[in-house]
Amino acid sequence: MNMGYNHQQIEQKWKKIWEDNKTYYCDTKDFSKPKYYVLDMFPYPSGQGLHVGHPEGYTASDIMARMKRMQGYNVLHPIGWDAFGLPAEQYSIKMNQHPYNFTKANIERFKKQIQSFGFSYDWDKEIATCDPSYYKWTQWIFLKMYEKKLAYIDFRPVNFCPALGTVLANEEVIDGKSEVGGFEVIRKSMRQWLLKITDYADKLLDGLDDLDWPNSTLEMQKNWIGKSIGAIVNFKIKGHDDLSFDVFTTRVDTLYGCSYTCLAPEHPLLDKIVTKEHLEEVKKYQEEVLHKSELDRQKVNKDKTGVFTGAYAINPINNEEVPIYVADYVLLSYGSGAVMAVPSHDQRDFEFAKQHNLKFKKVIENDLVDQAYVDDGPHINSGLANGKNIQQAKEIILEELKKLGCGKEKISYKLRDWLFSRQRYWGEPIPMIIMDDGSLYPLHESELPLVLPELDEYKPSGTGESPLVHAKQWLNVVIDGKHGLRETNTMPQWAGSCWYYIRYIDPHNDKEIGDKKLLDHWLPVDLYIGGAEHAVLHLLYARFWHKFLYDEGVVSCKEPFKKLFHQGMILGSNGEKMSKSRGNVVNPDELIIQYGADALRLYEMFMGPLEASLPWSSQGLEGARRYLDRVYRIYSEKEYLDKFSDENSHELDFSYNFLVKKVTQDFEKLQFNTAISQMMIFINDVYKAKSLYRPYMEGFVKLLSCICPFLGEEIYQSLGHKELIDYTSWPIYDENLIKLDNVTIAIQVNGKLRGSVEVKKDIEDDDLKEIVFKLDSIIKHTKDKQIKKVIVVKNKIVNIVAI
RNA sequence: GCCCAAGUGGCGGAAUAGGUAGACGCACAGGUCUCAAAAACCUGCGGAGAAAUCCAUACCGGUUCGAUUCCGGUCUUGGGCACCA
């Protein structure tokens, strides 16, 4: 049983005061102070409630919000709910209830838990993506995209499970079988909506340059967009004068080394060119590949499977006949769905050629026998390009191809258009009507929001279509006397999270997505904190929508999130990921009751660097609580209060000023663990001090209150202050009081530590040397040796090189 | 297979424009107080050695007066992936 302060009483008291006073309300129309917008990735309100991992990022953003308030910023610190999603739909099928009901209940539970942590969110700005007043504007953005021809319909394969009668997410498919029930899953082509994110590929790539984001995330986005500059080369087919196909290559310089070509199994040309003798084999291969999911196709990476089509292509550069294969390592969705294979200079082609006994032809000098040579070097067997390096050879060969009319430069991207429709109920309805004559009717802005109809049952339709096909009344529409059916596909969960940071700024506006003046003032987000698992998808989609809204004039900055930080994961005490199945999930509710929210916040920030994944330790939490008890004792027990003084004895001058400097700098860099360790050192010093200078003691409470707001507020009030601590001023420090007169110099002989000496700061090198050579241990270690050199690093070290 | 991180005491970690390795905390041990225990406080705490000293930041090399930090290679763990031509 802990005998420290009564955290439960203190927490209840301040929670009520903050709520009653709307302490953290942000007047977004107040432009008199500089703005600071600090944002958390909003949570999906799952049925499990919060776990200890959630508050790590929230505490970090809260510390920043609290510091910036004291520093005089107008701080926008909102939270909301990413409320559409698969688990709610699955649960509603099970319970045959509208998913809104328990989504609402989950939100209430999450909200209560979040409030118990004392996060300084402005609840006036709360939004939920499943709220019609919110998704009205998600639909509005979609319509704008449709208007600009960025949304289009096409057929795409999906995971369809005939037994369940539904389309499955990749996550729900395990080894080609449905996760639920283990039924067969097939690839079925279905009508889908896509967003043309590829139109923004260059803008998305260029925008990365100005962002204060983790390098690894920038790198991942860059690789995801995957811009590569290469060429397309047209190959004619032997015996078919009218048929040809394009290959895409980034190594057109190796064209003379091409010994076969390869088409993707779905390539439309295949039907026309496969010879009779090989038809059966190719069909069988295509069939096999279609049963593999895209994920499986990628997994099998050792065997390069494929079959010969019987057809030959003509290499345009030298008119050589090369066999045409079909292989699933070639993807229809990238480049042109066909490759020219150069086994000697591409590792994948190398492996395929080995397995299928195909020819190798070196076009760059090298001695490698068991792998492809991919480095630069003088070309051989390459006509005009002989003797040239890769860059020169590319230019020469491309020039020749252009003259022959069968090649040109081509920029390719890995990025594909975004498959934007889901055959689900619990998502934003796509505001389109498909008229009986096949034409599309987009809803008018005045017809938004298009609200999800209630259904009798939420079960899958059986055909793979959305359960919305059951809403007959909602489905059938007549416009100007013509009949049509509403689109039954809904939007993916990403949609609502693509622009929520915009809505927080003006969440109650029912006239427009947000007042332009306010959006211009508050965007971009100054600091965005969330998990690294969103490094690509969410963060790329949100940037895409933002750039579109910029082009539409809705927002005036080109990037939504100026600075990004990924908090790490909190692992179970055994170092494994926390999960229900492992039984190592730690519930924060009980910890708050037992140790208090402040202790939990403090511990999570002290565990280690914010970005690191760290194992949970309940003993560590006890240590954090012990520290807070010590702090509280100093501010509440007579023994210490008697030492408080309005006169500075200068005892704590260094300790305090150094503390303020370090904490201010570390907070700014989100290095909370080292800031806290300095706060611990300060309290250790306070314990030893004879006199406690009141302004220092108050300054410390302000620093502490960012991490531990309940205790901070309580102590600040106990010191006699009527106002809350939240909007006071941030402590300042005096650089002069941190400067030291003396420094300790380490002394090395041949790089090994042999002593140390305290001297005046900035002492002259010669004076220092004189002192050093009088030291016993140095005399001992240098006698019988010849001094070769003495290296002096100012105020740090002396190294004597002696042989 | 590719890409990106990271490997430091019993544990979480600290220290890198190259300069006294182990701050701060946890755990543990000893002590004070107590009839006793808990709490609190004090002391110790990388390994070897009596000591001098030696060894030690995943491993092997290199650069340097000096390397946890820089370079090359290897191994391990974590994260990401769309075989990207």
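Numbers restart at 1 for each chain; the letters A, B, ... are given by sequence-line order, proteins then strands. Since we're looking at a predicted model, the values are computed, not measured.
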Note: A/Arg625-A/Asp598 ion pair, threshold 4.0 Å (strictly below): no
Residues A/Lys361 and A/Glu320 bridged, charged N to O under 4.0 Å: yes
Which one, [options], comes nearest to the side chain of [X]?
X        : options                : value
A/Lys789 : B/rC83, B/rC65, B/rG19 : B/rC65
A/Thr674 : B/rC83, B/rA15, B/rC24 : B/rA15
A/Asn799 : B/rG13, B/rC83, B/rG66 : B/rG66
A/Ser216 : B/rC4, B/rA14, B/rG12  : B/rC4
A/Asn223 : B/rA85, B/rC3, B/rC84  : B/rC3
A/Met220 : B/rA85, B/rG25, B/rG80 : B/rG80
A/Asp328 : B/rG19, B/rA85, B/rC83 : B/rC83

N/O donor-acceptor pair under 3.5 Å between A/Arg601 side chain and A/Ile707 backbone: yes
Short side-chain to backbone donor-acceptor contact, A/Lys362 and A/Ser344, under 3.5 Å: no
[N] phosphate, OP1 or OP2: any side-chain N/O from [X] under 4.0 angstrom?
X        : N      : answer
A/Ser228 : B/rA85 : yes
A/Asn673 : B/rA14 : yes
A/Arg630 : B/rC41 : yes
A/Asn684 : B/rG25 : yes

Across the strands shown, which category fits [X] at heavy-atom distances under 4.0 angstrom: base, sugar-phosphate, nothing?
X        : answer
A/Thr250 : sugar-phosphate
A/Leu571 : nothing
A/Gly623 : sugar-phosphate

Review item, nucleotides 27-34 of chain B N/O atoms under 3.5 Å of protein N/O:
from	atom 1	to	atom 2	distance (Å)
B/rA27	OP2	A/Arg626	NH2	3.2

Most 5' of A/Asp346 and A/Pro609 on RNA chain B, judged by nearest nucleotide: A/Pro609
Toward the 5' end of RNA chain B, by each residue's nearest nucleotide, A/Lys688 or A/Thr744: A/Thr744
Where the chi angle of B/rG9 falls, syn if within 90° of 0 and anti if not: syn
A/Ile738 side chain near A/Phe654 side chain, heavy-atom distance below 4.5 Å: yes
Distance between [atom1] atoms of [N] and [M] (Å, rounded):
N      : M      : atom1 : value
B/rG62 : B/rG80 : C1'   : 32 Å
B/rA39 : B/rG22 : C1'   : 30 Å
B/rU20 : B/rU68 : C1'   : 14 Å
B/rA21 : B/rG66 : C1'   : 14 Å
B/rC41 : B/rC24 : P     : 15 Å
B/rU57 : B/rC2  : C1'   : 30 Å
B/rG73 : B/rC54 : C1'   : 29 Å
B/rG18 : B/rU64 : P     : 16 Å

Pairwise salt bridge (Lys or Arg N to Asp or Glu O under 4.0 Å) hits with a residue in residues 612-624 of chain A, at least two apart: none
d([atom1], [X]; [atom2], [N]) in whole Å:
X        : N      : atom1 : atom2 : result
A/Tyr640 : B/rA40 : OH    : P     : 12 Å
A/Ile232 : B/rA85 : CD1   : C1'   : 14 Å
A/Lys414 : B/rG80 : NZ    : C1'   : 12 Å
A/Ile791 : B/rA67 : CD1   : P     : 12 Å
A/Met340 : B/rA85 : CE    : P     : 12 Å
A/Ile797 : B/rG18 : CD1   : P     : 14 Å
A/Leu331 : B/rC81 : CG    : P     : 16 Å
A/Gln567 : B/rA5  : CD    : C1'   : 16 Å

A/Glu758-A/Asn742 side chain donor-acceptor pair, cut-off 3.5 Å: yes
Polar contact flag, side-chain donor to acceptor under 3.5 angstrom, A/Tyr413-A/Asp202: yes
Enclosure of A/Lys410 NZ (heavy-atom neighbours >12, cutoff 6.0 Å): no
Whether [X] and [Y] hold their rings parallel, tilted or perpendicular, with breakpoints at 30° and 60°:
X        : Y        : result
A/Trp494 : A/His538 : parallel
A/Trp418 : A/Phe420 : perpendicular
A/Phe352 : A/His356 : parallel
A/Phe245 : A/His267 : perpendicular

side-chain hydrogen bond (donor to acceptor under 3.5 Å, both in side chains): pairs with one or both residues in residues 674-690 of chain A, sequence neighbours excluded: A/Arg630-A/Asn684, A/Arg633-A/Tyr687, A/Ser655-A/Asp685, A/Asp666-A/Thr674
Results of ring pair (Phe, Tyr, Trp, His ring centres under 6.0 Å) for A/Tyr632 - residues two or more places apart only: A/Tyr5
Protein-to-nucleotide contact annotation, 5' to 3' order, nucleotides 52-58 of chain B [B base; S sugar-phosphate only; - none; under 4.0 Å, heavy atom]: SSSS---
Watson-Crick or G-U pairs under 3.5 Å in RNA chain B, rendered as dot-bracket with [ ] for crossing pairs and | for another strand: (((((((..(((......[....))).(((((.......))))).(((....)))..(((((..]....))))))))))))....
